[in-house]
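Per chain, numbering begins at 1; letters A, B, ... match sequence-line order.
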Amino acid sequence: MIYCGRFLTPRREDARTQKTDGETSRSGCLRGSIPTARNVMREYTELERIRLEKLERLRANGIEPYPARVKRTHTAAEAIAQYSSVPALSGEAAHGSGPEIAATVCGRLRAVRTMGKATFAHIEDGTGRIQIYMRADEIGTDMLKTFGRDFDLGDFIQASGVLFRTKTGEITLRVRELTMLAKAVTPLPAAKEEIVDGQRVIHYAFSDTEQRYRQRYVDLAVNPEVRDEFRTRARIISAFRRFLDDRDFLEVETPILQPLYGGAAARPFTTHHRQLHQDLYLRISFELYLKRLLVGGYERVYEIGRDFRNEGVSFKHNPEFTMLEFYWAYADYNDVMNLTEQMVTYVADNVLGRRTITYDGHRIDLTPPWPRMTVREAIREHSGIDYADHPTGESLAAAMRAIGHNPETTIWGKLLDSLLGTNVEPKLIQPTFLMDYPRDISPLAKAKPGDPNTVERFEGFIGGMEVCNAFSELNDPLDQEQRFLEMGRAYDANDEEAHPMDEDYLRAMRYGMPPNGGFGLGIDRFTMLLTDKATIREVVLYPHLRKAEGEA
RNA sequence: GGGCCGCUAGCUCAAUGGUAGAGCAGGGGCCUUUUAAGCCCUUGGUUAGAGGUUCGAGUCCUCUGUGGCUCACCA
């Protein structure tokens with residue numbers, strides 16, 4: 001199999017020539033270079049060559065395999081719906097009678113059952129499948145022969161005719177005219193399916209994980225349930241948007257290319273602007289840009305978009321992921337917690353129509369209120385360590401070693417994160433808010449009144465995953481500057497996770513920032529929960545993969 | 001980076017160290033209400049690659065490649 005890319009010539013003679021010249025396809029694809037139409041040749045498989053012959057035969061018979069015009073009158077669903085109002089007749093003479101409803105449907109040919117001088121087939125469009133029926137005495141012997149010989153599973157076709165009900169009761173299009181819309185050169189993986197007791201049973205499914213992600217279009221084409229999952233994802237995003245819009249939050253867009261990254265503890269991707277001779281970072285969060293807008297006078301802003309973090313990949317980490325953040329003036333983290341409960345149940349109600357979900361075998365109830373406990377209590381409960389007894393990194397590391405951890409750092413905040421991640425997070429299956437985080441790991445959150453070492457921050461956990469993170473935002477410019485300095489000292493000078501000093505952000509805050517509550521939620525992880533997917537790759541259309549064989 | 005598992009026909013999968021197979025897809029036939037249509041015939045393989053052990057390797061060993069899971073890393 002050659003992965004070099006696009007073809008230059010569809011002629012089978014040429015394809016054969018290429019094959020004997022074994023070097024052509026490989027050497028045309030220079031290692032380290034991006035393939036272009038110039039340096040790439042294509043090698044066809046035997047199945048593809050057979051289809052290319054059919055394509056040429058169609059052309060030779062005056063049938064354009066890629067016509068420019070389409071004339072659809074009904075989707076599959078519309079055709080079926082319209083004919084459903086025609087009462088089903090019973091008795092031997094029933095099938096074939098009834099009113100004539102003309103329809104032209106388009107779609108991909110998914111199943112063919114040839115019976116000599118008649119053929120049944122199913123075509124599938126974006127709304128579903130519809131059966132078509134062709135008789136030699138109606139569309140002509142030649143056309144039926146052409147269909148049988150030169151049309152293949154996977155081709156897009158257009159069928160015009162009248163609707164009727166077969167003797168088994170299936171609404172079917174009796175075809176008078178058949179048009180090729182787009183010949184498929186490469187066969188789709190052969191998957192068959194049947195309905196048994198209302199359940200779809202799939203035979204010979206296309207199931208190789210890597211191929212499914214790498215060629216998502218094939219995955220989508222042959223696995224309709226995958227199409228459904230991404231529709232669900234879209235509905236989740238639109239429900240979040242609707243919820244916030246309805247509450248007067250303004251949707252905004254902030255820079256993805258940033259001269260300075262911030263708002264989270266993560267390594268960034270670096271890029272470069274050629275003309276300006278300027279290094280730029282892909283954003284790791286929207287936070288600092290969104291809060292600047294509160295200085296500008298907007299009271300409620302939100303953004304849904306992509307963050308990029310140059311970290312490891314795992315079942316819950318993709319290098320780029322979709323984040324929702326909002327900032328709400330004159331609110332604090334208690335208000336945000338309440339709004340979070342409302343928002344999550346709103347999305348569940350609107351997308352699923354229920355508030356209980358099943359995730360990884362667990363039955364999870366999203367109905368508010370969710371239990372709220374402090375981070376200190378949670379860590380004490382799940383690890384036996386009270387971090388108040390261990391004010392230094394050395395002391396905390398020692399306590400963690402005593403319970404089986406093997407910490408590689410003595411940075412107190414990192415240790416605490418690790419403790420949370422391994423001992424607490426996996427246990428939080430039912431929705432839970434952990435609140436009141438140590439100031440050390442929360443440089444952008446406001447301290448709790450009367451407790452300068454603790455900040456008003458919470459994270460929401462569902463299904464053992466951190467789903468959201470929020471706080472009463474720090475709006476004291478002098479305190480903020482101090483926090484940046486502390487972070488700079490706490491981390492190694494070369495540690496890219498340390499928050500860089502963002503002078504412009506401090507300047508903005510010095511102009512006056514209203515007190516506000518901020519919030520961030522990982523859309524991908526939330527979608528995993530609502531669709532019961534064990535890995536983020538199932539809810540990202542094109543997840544990051546290692547480079548494929550043969551690619552540079 | 002470590003550990004575990006995998007890589008056999010286009011797809012899904014078989015094959016005690018002893019002739020590389022099946023279903024579907026593909027090709028050729030038959031069949032005018034089928035629906036995983038059916039029936040007959042049939043093409044298709046450097047078993048990821050290289051080396052080794054053996055009379056004999058898909059199978060055992062080594063190395064390489066590649067992917068998945070997992071640990072580490074990572075809000």
Side-chain angles (χ1 to χ4, degrees), chain A residues 1 44-51 53-54 92 94-96 110-122 129 131-138 141 144 148-149 152-154 164-170 172 174 186-196 200-214 218 222 263-267 284-285 307 309-319 321 323 406-409 413-414 416-418 420-422 425 434 437 441-442 457 459 461 465-469 497 520 522 525 534-535 537 545-550:
Chain A
M1 182 62 74
Y44 291 108
T45 66
E46 185 187 343
L47 293 182
E48 287 170 330
R49 287 198 297 272
I50 289 167
R51 288 186 173 213
E53 285 174 32
K54 296 179 179 188
E92 289 296 315
H95 50 268
R110 297 315 299 263
V112 176
R113 295 174 293 281
T114 306
M115 314 188 52
K117 296 189 176 60
T119 293
F120 283 93
H122 271 96
R129 291 186 179 204
Q131 180 168 255
I132 62 174
Y133 174 54
M134 291 163 285
R135 296 168 57 101
D137 55 5
E138 289 176 358
T141 309
L144 192 63
R149 191 184 53 190
D152 286 299
L153 296 182
F164 76 110
R165 229 182 283 260
T166 63
K167 73 177 181 187
T168 57
E170 180 164 352
T172 301
R174 180 184 292 256
T186 305
L188 287 168
K192 288 210 160 196
E193 61 179 65
E194 62 175 333
I195 309 291
V196 177
R200 249 179 105 249
V201 178
I202 301 164
H203 305 270
Y204 317 112
F206 177 66
S207 59
D208 181 85
T209 312
E210 186 200 352
Q211 285 197 62
R212 284 186 49 232
Y213 299 155
R214 244 181 238 294
V218 176
V222 303
R267 291 184 185 82
I284 58 173
S285 86
D307 273 341
R309 297 188 182 176
N310 204 339
E311 311 277 8
V313 297
S314 78
F315 73 94
K316 57 179 176 177
H317 296 272
N318 196 57
F321 62 99
M323 188 78 158
N406 188 20
E408 289 174 351
T409 175
K414 285 195 170 189
L416 195 83
D417 253 355
S418 159
L420 257 183
T422 40
E425 184 170 345
L434 293 192
Y437 279 64
I441 57 172
S442 313
R457 171 181 175 185
E459 293 188 316
F461 296 86
M465 280 191 296
E466 178 201 337
V467 169
C468 62
N469 180 21
E497 285 180 32
R525 290 186 188 176
T535 152
R537 293 177 169 194
L545 299 170
R546 289 189 172 86
K547 55 184 184 264
E549 182 188 4

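Two residues, A/Q131 and A/E46, neighbour RNA chain B, and the one matched to the more 5' nucleotide by heavy-atom proximity is A/Q131. Nearer to the 5' terminus of RNA chain B, by closest-nucleotide assignment, is the contact made by A/T535 (compared with the other of A/T535 and A/K316).
The partner of B/rU47, taking Watson-Crick or G-U wobble pairs whose two distances both stay under 3.5 Å, does not exist in any strand shown. Under the Watson-Crick or G-U wobble criterion, with both distances below 3.5 Å, B/rC4 is paired with B/rG68. Look at B/rU16: it lacks any Watson-Crick or wobble partner with both distances under 3.5 angstrom. Nucleotide B/rU54: unpaired (no Watson-Crick or G-U wobble partner with both distances less than 3.5 Å).
Listed by chain and residue number, A/Y213, A/F315, A/R537, A/E538 satisfy the side chain to side chain contact (heavy atoms under 4.5 Å, CB included) test with A/T535 (two or more places apart in sequence, or in another chain). Under the rule for a side chain to side chain donor-acceptor pair (under 3.5 Å), A/E46 has no partner lying at least two apart in sequence or in another chain. Among residues two or more places apart in sequence or in another chain, the side chain to side chain donor-acceptor pair (under 3.5 Å) test is passed with A/R309 by none. In this structure, the side chain to side chain contact (heavy atoms under 4.5 Å, CB included) partners of A/S442, at least two apart in sequence or on a different chain, are A/Y437, A/A445, A/V455, A/R457.
Contact annotation for A/E425: no contact, since no heavy-atom pair falls under 4.0 Å across all strands.
Distances shown here put every side-chain N or O of A/R174 at or beyond 4.0 Å from the OP1 or OP2 atom of B/rU33. At B/rU34, one or more side-chain N or O atoms of A/K167 fall inside 4.0 Å of OP1 or OP2 (strictly under the cut-off). For A/Q211, a side-chain nitrogen or oxygen approaches OP1 or OP2 of B/rC11 to under 4.0 Å. OP1 or OP2 of B/rA37 has at least one side-chain nitrogen or oxygen of A/R113 nearer than 4.0 Å.
Rounded to a whole Å, the CG atom of A/L144 is 17 Å from the P atom of B/rU34. Put simply, CZ on A/R537 is 13 Å from C1' on B/rU70, counting in whole angstrom units.
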Close N or O pairs between protein and nucleotides 26-31 of chain B (under 3.5 Å):
from   : atom 1 : to     : atom 2 : distance (Å)
B/rG27 : OP1    : A/K54  : NZ     : 2.3
B/rC31 : N3     : A/T114 : O      : 3.4
B/rC31 : N3     : A/G116 : N      : 3.0
B/rC31 : N4     : A/G116 : N      : 3.3

Give every donor-acceptor pair under 3.5 Å between a side-chain atom in residues 112-122 of chain A and any protein atom, sequence neighbours left out.
from   : atom 1 : to     : atom 2 : distance (Å)
A/R113 : NH2    : A/H122 : ND1    : 3.3
A/R113 : NH2    : A/Q131 : OE1    : 2.7
A/H122 : NE2    : A/E170 : OE2    : 2.7

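Interface remark: the A/E170 side chain does not form any donor-acceptor pair with the B/rU33 base, using a distance-only criterion of under 3.5 Å. Counting atom types as modelled, A/R165 pairs no side-chain N or O with a base atom of B/rU33 as donor and acceptor under 3.5 Å.
The shortest distance between side-chain heavy atoms of A/V222 and A/R110 falls below 4.5 Å.
Separating the C1' atom of B/rA57 from that of B/rA20 is a span of 12 Å, rounded to the nearest Å.
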